[in-house]
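To find a chain, count down the sequence lines: A is the first, B the second, and so on, and within it residues start at 1. Because the structure is predicted, anything quoted here is derived from the model rather than measured.
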Amino acid sequence: MPAPRPRPRATPSRRRAPQRRRRPTDARPVPISLPASTDAVTHADALRAELSRAARTLGAPDDVSPILERPRDPSFGDWATNLAMTLAKPLGQKPRDIAEALIAAMDKASVGVIAAEIAGPGFLNFRLDPGFQARGLLTILESPDTFGRLDIGHGERVVVEFVSANPTGPLHVGHGRQAALGDAISTLLEYTGWNVDREFYYNDAGAQIANLAKSTQAQVRAIGGAPLEIPEGGYHGDYIREIAERYVAEHPDDAAGDNLAAMQAFAVAALRHEQDLDMQAFGVKFDTYYLESSLYTDGSVNKTVEGLKASGHTYEEDGALFLRTTDFGDDKDRVMKKSAAKGGDYTYFVPDVAYHVTKWERGYHRAINVQGADHHSTITRVRAGLQALNIGIPTGYPDYVLHQMVTVMKGGEEVKISKRAGSYVTVRDLIDEVGRDAVRYFYLMRKGDSQLVFDVDLARSQSEENPVYYVQMAHARMCGIFRVGEIDATTVTGQGVDLGVLSEPAEQELVKQLLDFPATVKGAADNLEPHRIAAWLLETARAGHTWYHKHHVLGEPEAITRARLVLARATQLGIAAGLRILGLSAPERM
RNA sequence: GCGCGUGUAGCUCAGUUGGAUAGAGCGUCUGCCUCCGGAGCAGAAGGUCGCAGGUUCGAGUCCUGCCAUGCGCACCA
């Protein structure tokens, strides 16, 4: 038996050494400009409209809205609809008879249909003229910045709140998932016509901040020679020690560590700055930072408490003030204000309610909170508080997008994340090790409500086979065609080009995939699910690679080259648009 | 025990809102660089969609009940 040939991938000469390769993640993110949205009418929209018209001539209700879908099996054609089946009941006829009547009633040529067949129990399968279909690509070339944009939001304001970490430590991998999700959801909403503000809520008041101050104090005093006594519930991370050292250096007058307020302010400022740097490294930019402490100083908390008391939904028991959240679906009532014996403070959810009142009053009639699933119990409480106030806020306000936990594997073991114990993997660790684009893509390629196992070692060691490179490579390849052909890609138009020559199966596949982008964006935006964009990118990249491998663009007969240049340009622009929604760079070469 | 999630290929996960023969990546096999970049392409193997009922022309998808699993159930945040 002959020795197996070594696999090509193992041959170093086939690949450039990774060290020499410039990480595309180093590229700065391209800001998304926001031109006016256009509701581009795709051929699918036209087909749907024609189907509706035909259905109404058969007596279907006016609001009939046929569902078109891509048949899994391409031999079934380009589009399929179950319209005849859904009309069977209202019309009292057999599905196949209705299908036949629909075909007869349609003006097929006007929507590019060259064949219509009835299949199975009453499916209608349509085959489109290849050139007619491919002309859809021209909308991409003509206005790449508006491709896939919709105007669902009509410019209404929406606030997306995410990360919102306590300034008590660096941002860990769970915050990273939130940052990637929140930012991508925001962009998706912008893409569909909403006026979006990204907001970071700082819990810079309350018990955890007091713990932070005391932990800092303990370290300051330890520097002065006292034994280190971190208070119960305090923070143990090394970063507290570093903050204490800087505090001592900058506050020689308080070497004894007596000014607790000064240490608290110092530590909060230092950690906020660190978190800002983390988000900067991740390429996330917030429009507003809202401080919990400001809700106390500007009277919002008091106003909210008075409002709740006036609503009649509160009562006192054992010296504490309760809100009867059970009136609004909670399983038990919640304490608003602790009894004097427990310190007499407000519990966290009171400022939370006050905060959400400000969102409403600041003019956001839609609010989306991206949070870890471990905080889901706050949803009922916050909404109950807003309802109890009875100030016109709708019951479902605010919306929540919950994401499941991120578990981190390192060295084959799960790293228990605990800020207090001082063991965690930070967002910046991940970015430094596998690159910003890869981290973002990994966070976004899955649904938020499935758990995410982030194996740091695996992510680093396999970064060469990362799917994000596969997608970015498809983009770079299309750019390469123009580079080699010495063609200015921006000058490519469909002027005088017969797109009917794009008749190869791989071409039709790619055309269809690209034209599915607007529907994908709509689905992703409606459901606040950026992972749909990630999935579309992967499929589009695959279709692009396949086409590229099978068919040449340059050096073909002129009519073919010109049509294929249109397809290459559309592919490049489409992938770039998807990448930008996810906050990833679209490198022209890798 | 209660609430919110999740069980789909060896592993990690999609599944177009109820459609036709359930998909991808990684991993495992087999081929393919004279070529616009092989960071790629073509193909193979791999499935009782957790289990059992129900709804209907039709269920991975919807309803019920179990089983497994993650998170949460504080006068913490």
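- Considering only side-chain N and O atoms, A/R96 lies nowhere under 4.0 angstrom from the phosphate OP1 or OP2 of B/C57.
- Residue contacts for A/D318: at a heavy-atom cut-off of 4.0 Å it reaches a base atom on one of the strands shown.
- A sub-4.0 Å separation between OP1 or OP2 of B/C41 and a side-chain N or O of A/Y548 is absent.
- Of all nucleotides present, only B/G50 satisfies the Watson-Crick or G-U wobble test against B/C66, with each distance under 3.5 Å.
- Under the 4.5 Å side-chain criterion, counting only non-hydrogen atoms from C-beta, A/I481 is in contact with A/L565.
- Pairing for B/U30 goes to B/A42, judged as Watson-Crick or G-U wobble with the two contacts each under 3.5 Å.
- Nucleotide B/G1 has B/C73 as its partner under the Watson-Crick or G-U criteria, with both atom distances under 3.5 Å.
- Base-pair partner of B/U21: not found among the strands shown (Watson-Crick or G-U wobble, both distances under 3.5 Å).
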Contact pattern, 5' to 3', of nucleotides 4-13 of chain B - B, S or - by protein heavy atom under 4.0 Å: SSS-----SS
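- Between A/E317 and A/F76, it is A/F76 whose nearest contact on RNA chain B lies nearer the 5' terminus.
- Across all strands shown, A/A88 has no heavy atoms under 4.0 Å from either base or sugar-phosphate atoms.
- Residue A/K342 places its side chain closer to B/C75 than to any other of B/G72, B/A20, B/C75.
- Considering only side-chain atoms of A/K332, the nucleotide from B/C73, B/A20, B/G72 that sits closest is B/C73.
- Looking at A/D45 and A/R48, a side-chain N of the basic residue comes within less than 4.0 Å of a carboxylate O on the acidic one, giving a salt bridge.
- Heavy atoms of A/G523 sit nowhere under 4.0 angstrom from any nucleic acid atom.
- Residue A/K338 has no polar side-chain atom (N or O) positioned under 4.0 Å from OP1 or OP2 of B/A74.
- Using the six-membered ring where Trp is involved, A/H545 and A/Y470 have ring planes that are tilted, between 30° and 60° apart.
- A/L537 has its side chain out of reach of A/L584: every pair of non-hydrogen atoms, C-beta onward, lies at least 4.5 Å apart.
- With its glycosidic angle more than 90° from 0, B/U30 is assigned anti.
- A/F517 and A/W536 have tilted rings, their planes meeting at an angle from 30° to 60° on a 0 to 90° scale.
- Taking the 5.5 Å centre cut-off and the 30° plane limit, the aromatic side chain of A/Y470 is not classed as stacked on B/A39.
- Side-chain N/O atoms of A/H545 include none lying less than 4.0 angstrom from OP1 or OP2 on B/G38.
- Nucleotides B/U17 and B/G27 place their P atoms 33 Å apart, quoted to the nearest Å.
- In this structure, the nucleotide among B/A77, B/A20, B/G38 sitting nearest to the side chain of A/R477 is B/G38.
- Considering only side-chain atoms of A/H375, the nucleotide from B/C75, B/U17, B/A77 that sits closest is B/A77.
- Taking the six-membered ring where tryptophan is involved, the planes of A/Y289 and A/F200 are tilted, since the angle between them lies from 30° to 60°.
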